[in-house]
Amino acid sequence: MTAKILDGKAIALELREKIAQKISDEVAKGKARPGLAVILVGADPASQVYVRNKKIACEKAGFNDVSLELPAETTQEELLAKIDELNAREDVHGIIVQLPVPKHINSEAIIERIDPKKDVDGFHPYNMGRLATRTLNLAPCTPHGVMTMLAKTGIQLRGLNAVVVGASNIVGVPMALELLNARATVTVCHSATQDLAQKVSEADLVVVGVGIPEMVKGAWIKPGAIVIDVGINRLDDGRLVGDVEYDIAKDKASWITPVPGGVGPMTIATLLENTVQAAYD
Ligand code: NDP
């Protein structure tokens, strides 16, 4: 079997076009454009690329970009004060702080200061709690983007055996909650999990987000499984690869996400989707 490709780039483009249309409809009714503030502290090169991509996506969709670039020496108090200002502004509907922040700043304190109604990354404990209690508000972008992709397969998730490899706050845990809410039977694996190969080999659906190139071997994949690879790793030779051994996995899976062009574009599109929700719902 050769897997069908879950084309994140195409699905994200479709979602972004829908978002742009929604904005132009709302603006025609006299509403303001959604305002998104992306805060970057310091000049981490990878973060600068992510922020630039988010800004381009925002502009294309017709957002009002109110992003801020702050020097690396910005203190925690100064950053908290900026967030307070943005929380109070009516023209700002979404606020995200690009992570990681410099070491002298406590990222939890920053995330918790963002008004949960403007927390379009979905990282605030309030929004995580809403996800955990099946009363979704603003969902963490990467896992929610994966759910949008999964819907495109037309496959019912209810009753599937799902294995999530990775248990971080931004990928694995909210991913497991999303799948649990869809009534899959979910196993969450992490660095202390024993016999990972066995667990993955029983999965009808496997979502991997660990940050280790090709750690999940193609041979582990159950024939016909859906494989979602969240990982993005740059190798020394410059290639980008995921956390799954793609070339072998694609011959066993029914559906698979490529890297790049899989989950990555969905994360940004879902951020825009969340900001539109924060602005108009
Ligand atoms: P973290 O480093 O925060 O978390 C990694 C997780 O993997 C942890 O839960 C860790 O376990 C687990 N892990 C580590 N080693 C193993 C192992 N040997 N076996 C099983 N589990 C293991 O990473 P993130 O969640 O932030 O990111 C994961 C990957 O996803 C990265 O490649 C990142 O670049 C990518 N990413 C992609 C996004 C996209 O838009 N496509 C968005 C966000 C991230 P433990 O909890 O026990 O430490």
Side-chain angles (χ1 to χ4, degrees), residues 5-13 15-16 38 44-54 56-57 96-101 103 107-108 111 120-123 128 131 139-150 162-179 186-203 206-217 220-221 227-236 239-246 256-274:
I5 305 296
L6 258 175
D7 184 346
K9 231 171 147 178
I11 302 168
L13 183 63
L15 182 55
R16 283 162 53 174
V38 181
D44 174 64
S47 293
Q48 283 176 322
V49 173
Y50 292 138
V51 168
R52 197 170 58 232
N53 289 340
K54 285 172 190 169
I56 292 170
I96 66 174
V97 177
Q98 182 65 42
L99 299 177
V101 283
K103 288 201 169 47
S107 58
E108 277 94 32
I111 290 168
V120 288
D121 255 341
F123 294 163
M128 288 287 278
L131 174 60
C141 297
T142 301
H144 201 65
V146 169
M147 296 306 282
T148 304
M149 294 179 101
L150 287 171
V163 170
V164 177
V165 188
S168 70
N169 286 345
I170 64 169
V171 180
V173 167
M175 187 74 250
L177 291 169
E178 288 270 14
L179 293 169
V186 185
T187 303
V188 185
C189 302
H190 40 72
S191 62
T193 296
Q194 293 177 21
D195 206 352
L196 183 65
Q198 174 65 29
K199 300 220 166 26
V200 171
S201 73
E202 289 169 5
V206 56
V207 183
V208 188
V210 288
I212 302 174
E214 301 186 331
M215 192 203 76
V216 168
K217 300 301 167 205
W220 302 354
I221 303 298
V227 177
I228 306 290
D229 191 351
V230 180
I232 306 175
N233 309 286
R234 183 153 318 264
L235 302 182
D236 291 341
R239 276 185 308 134
L240 274 185
V241 298
D243 291 346
V244 176
E245 196 184 19
Y246 181 87
I256 194 165
T257 56
V259 177
V263 176
M266 293 304 297
T267 297
I268 294 189
T270 308
L271 172 70
L272 302 185
E273 189 181 34
N274 276 352

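In what follows, every heavy atom counts, from backbone to side chain, and hydrogens, waters and symmetry copies are set aside. All ligand and atom numbering here is 1-based and tracks the order in the structure.
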With rounding to the nearest 0.5 angstrom, report the [atom1] to [atom2] distance, [X] to [Y].
{"X": "Met175", "Y": "Ser168", "atom1": "CE", "atom2": "OG", "value": "11.5 Å"}
{"X": "Asp121", "Y": "Ile111", "atom1": "CG", "atom2": "CD1", "value": "8.0 Å"}
{"X": "Asn274", "Y": "His144", "atom1": "CG", "atom2": "NE2", "value": "7.0 Å"}
{"X": "Phe123", "Y": "Asn169", "atom1": "CZ", "atom2": "CG", "value": "9.0 Å"}
{"X": "Thr142", "Y": "Leu271", "atom1": "OG1", "atom2": "CG", "value": "9.5 Å"}

Residue pair Gln198 / Glu202: nearest heavy atoms and the distance that separates them: NE2-OE2, 2.6 Å
Which segment of Thr267 sits under 4.0 Å of ligand 1 when only heavy atoms are counted: side chain
Using a 4.0 Å cut-off to any heavy atom of [X], which atoms of ligand 1 qualify?
{"X": "Ile212", "value": "15 (N)"}
{"X": "Gly211", "value": "28 (C), 29 (C), 31 (C), 32 (O)"}
{"X": "Ile170", "value": "26 (O)"}
{"X": "Ser168", "value": "3 (O), 4 (O), 9 (O), 24 (P), 25 (O)"}
{"X": "Gly264", "value": "40 (O), 41 (N)"}
{"X": "Val171", "value": "25 (O), 43 (C), 44 (C)"}
{"X": "Thr142", "value": "40 (O), 42 (C)"}

Please work out which of [options] has its closest non-hydrogen atom nearest to [atom].
{"atom": "atom 30 (O) of ligand 1", "options": "Val259, Asn233, Val241, Val230", "answer": "Val230"}
{"atom": "atom 23 (O) of ligand 1", "options": "Asn169, Val200, Leu196, Val210", "answer": "Val210"}
{"atom": "atom 28 (C) of ligand 1", "options": "Gly209, Gly231, Cys189, Pro265", "answer": "Gly209"}
{"atom": "atom 47 (O) of ligand 1", "options": "Pro140, Pro143, Ser191, Gly145", "answer": "Ser191"}

Check against side-chain contact (heavy atoms from CB on, under 4.5 Å), Met149 and Asp7: CA-CA 8 Å; Met149 294 179 101; Asp7 184 346; over 6 Å; no
For [atom], what's the nearest protein heavy-atom neighbour? Residue, atom name and distance, please.
{"atom": "atom 21 (N) of ligand 1", "value": "His190 C, 3.2 Å"}
{"atom": "atom 8 (C) of ligand 1", "value": "Ala167 N, 3.8 Å"}
{"atom": "atom 34 (O) of ligand 1", "value": "Ile232 O, 3.5 Å"}

Atom NZ of Lys9 with >12 non-hydrogen neighbours under 6.0 angstrom: no
Lys199 (side chain) donor-acceptor with Gln194 (main chain) under 3.5 angstrom: yes
Donor-acceptor contact present, side-chain Thr257 to main-chain Asp229, <3.5 Å: yes
Any Met215 heavy atom less than 4.0 Å to ligand 1: yes
